[in-house]
Amino acid sequence: MKVVKSMDLQAQLVEFINQISNGSIEIYNEFSIQFELAIFLRANLPKEYKIQLERNINYFGLDKGHFLKKEMDIVVFNPSTEEKHCIEIKYPTNGQYPEQMFSMCKDIKFLEELVDAGFSDSYCLVVVNDPLFYSNKGEEGIYRLFRKEKRLKGTIQKPTGKKDIRYHLNHEYKIEWNNISGAEKYFIAKVERN
């Protein structure tokens with residue numbers, strides 16, 4: 001039985017983005033990425049792996065009250081082994097830059113929770129089509145993390161409203177903005193066990 005190693009799943013994500021870049025796959029919103037990626041993974045991973053969308057975490061025996069989210073965008077797992085991976089997807093298209101950046105941090109924290117609960121390495125795939133996510137002169141607050149430092153680490157505070165929510169990331173995640181086409185760029189944050 002072939003086992004998908006963590007590097008293989010990350011390589012599949014990069015190949016999926018390459019398919020978008022060369023025009024073989026068309027994306028137009030977050031759901032299109034989710035569905036197209038699920039189809040792509042189903043075609044490219046060994047048949048013993050299940051690829052499911054919007055799977056509730058209680059399917060894996062996890063208590064919803066102890067996690068930031070209840071559903072995973074995409075889960076890749078082998079029912080005959082303990083191996084399971086989550087892929088969270090972000091494709092913001094309506095501005096709201098600081099809120100969307102904070103939401104990306106929330107997804108990464110959620111993946112940390114899943115990995116701490118026994119998931120194998122998991123991934124946050126972020127695709128943006130607006131340069132204000134990755135470049136601009138405004139380098140204060142949460143913008144600094146995505147535009148200047150390009151590292152997510154430590155405690156990150158909600159940037160708008162009451163500013164009453166904080167997520168503490170257990171690890172550091174380097175943001176490498178890679179080109180897709182035109183202004184469209186992506187990064188992949190890999191969350192893994194220590």
Side-chain angles (χ1 to χ4, degrees), residues 10 13-14 17 20 27-34 37 53-54 56-57 62-75 85-117 119 121-194:
Q10 184 163 358
L13 292 173
V14 171
I17 293 293
I20 294 169
I27 59 168
Y28 43 90
N29 62 25
E30 194 167 299
F31 293 116
S32 69
I33 296 176
Q34 186 179 20
L37 179 55
L53 298 105
E54 298 299 322
N56 196 296
I57 63 171
L62 302 176
D63 180 1
K64 294 184 251 189
H66 295 97
F67 292 84
L68 286 175
K69 296 172 70 175
K70 295 178 178 114
E71 293 180 343
M72 300 169 278
D73 290 343
I74 297 177
V75 63
H85 309 265
C86 178
I87 303 169
E88 288 294 304
I89 299 165
K90 281 284 177 265
Y91 186 46
T93 56
N94 293 325
Q96 300 177 322
Y97 309 103
E99 295 87 355
Q100 290 296 329
M101 291 171 173
F102 190 64
S103 184
M104 294 169 197
C105 297
K106 178 181 181 180
D107 279 359
I108 293 170
K109 182 61 186 176
F110 173 60
L111 292 173
E112 284 188 344
E113 292 173 340
L114 291 175
V115 168
D116 287 347
F119 269 63
D121 52 6
S122 293
Y123 301 87
C124 183
L125 171 62
V126 175
V127 178
V128 298
N129 61 5
D130 187 329
L132 292 177
F133 281 102
Y134 52 82
S135 66
N136 197 1
K137 292 180 182 175
E139 296 175 347
E140 298 299 317
I142 200 163
Y143 295 111
R144 180 186 87 255
L145 303 176
F146 286 84
R147 296 175 181 167
K148 185 177 179 181
E149 292 178 11
K150 297 183 180 160
R151 294 190 184 281
L152 301 177
K153 61 183 179 179
T155 301
I156 301 169
Q157 180 175 313
K158 186 176 186 301
T160 58
K162 292 183 179 181
K163 300 183 181 184
D164 56 345
I165 301 172
R166 291 180 177 84
Y167 301 125
H168 181 78
L169 301 178
N170 298 329
H171 303 285
E172 182 175 305
Y173 302 94
K174 185 176 181 186
I175 298 174
E176 292 184 28
W177 290 109
N178 298 288
N179 292 324
I180 298 177
S181 66
E184 204 163 48
K185 293 187 183 283
Y186 80 97
F187 77 85
I188 299 169
K190 178 181 178 182
V191 178
E192 56 191 333
R193 294 178 191 168
N194 287 336

For residues 101-110, which side-chain donor-acceptor pairs fall under 3.5 Å, sequence neighbours excluded?
unit_1 : atom_1 : unit_2 : atom_2 : d
Ser103 : OG     : Lys90  : NZ     : 3.4
Asp107 : OD1    : Lys69  : NZ     : 3.0
Asp107 : OD2    : Lys90  : NZ     : 3.1
Lys109 : NZ     : Glu112 : OE1    : 3.4
Lys109 : NZ     : His168 : O      : 2.7

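Using a 4.5 Å heavy-atom cutoff, the side chains of Lys150 and Lys174 are not in contact. Using a 4.5 Å heavy-atom threshold, the side chains of Leu132 and Tyr143 count as separate. In this structure, Val126 and Phe133 have side chains that are not in contact, with every pair of non-hydrogen atoms separated by 4.5 Å or more. Between Ile57 and Leu114, the closest side-chain pair of non-hydrogen atoms falls below 4.5 Å. Residues Tyr97 and Ile142 have side chains not in contact (no heavy-atom distance under 4.5 Å, counting atoms from C-beta outward). Considering only heavy atoms from C-beta on, Phe187 comes within 4.5 Å of Phe146 through its side chain.
The line from CD1 of Ile20 to OH of Tyr186 is 9.5 Å long, rounded to the nearest 0.5 Å. Here the CZ-CG distance, from Phe67 to Leu111, works out to 11.5 Å after rounding to the nearest 0.5 Å. Annotation: the span from Lys64 atom NZ to Glu71 atom CD amounts to 8.0 Å, rounded to 0.5 Å. Atoms NE2 and NZ, on His171 and Lys153 in that order, are 14.5 Å from each other to the nearest 0.5 Å.
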Apply salt bridge (Lys or Arg N to Asp or Glu O under 4.0 Å) to Lys190 and Glu192, showing your working. CA-CA 6 Å; Lys190 178 181 178 182; Glu192 56 191 333; 3.6 Å; yes
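Here the closest non-hydrogen pair linking Asp73 and Ile87 is CB-O, 3.3 Å.
Arg147 places no side-chain N or O within donor-acceptor distance of the main-chain N or O of Glu140, the cut-off being under 3.5 Å.
Pro131 is linked by a side chain to side chain contact (heavy atoms under 4.5 Å, CB included) to Tyr134, Ser135, Ala183, counting only residues two or more places apart in sequence or in another chain.
Crowding of Asn94 atom CG: a count of heavy atoms from other residues, nucleotides or ligands under 6.0 Å not exceeding 12.
A salt bridge (Lys or Arg N to Asp or Glu O under 4.0 Å) check over residues 177-189, counting only residues at least two apart or in different chains, returns nothing.
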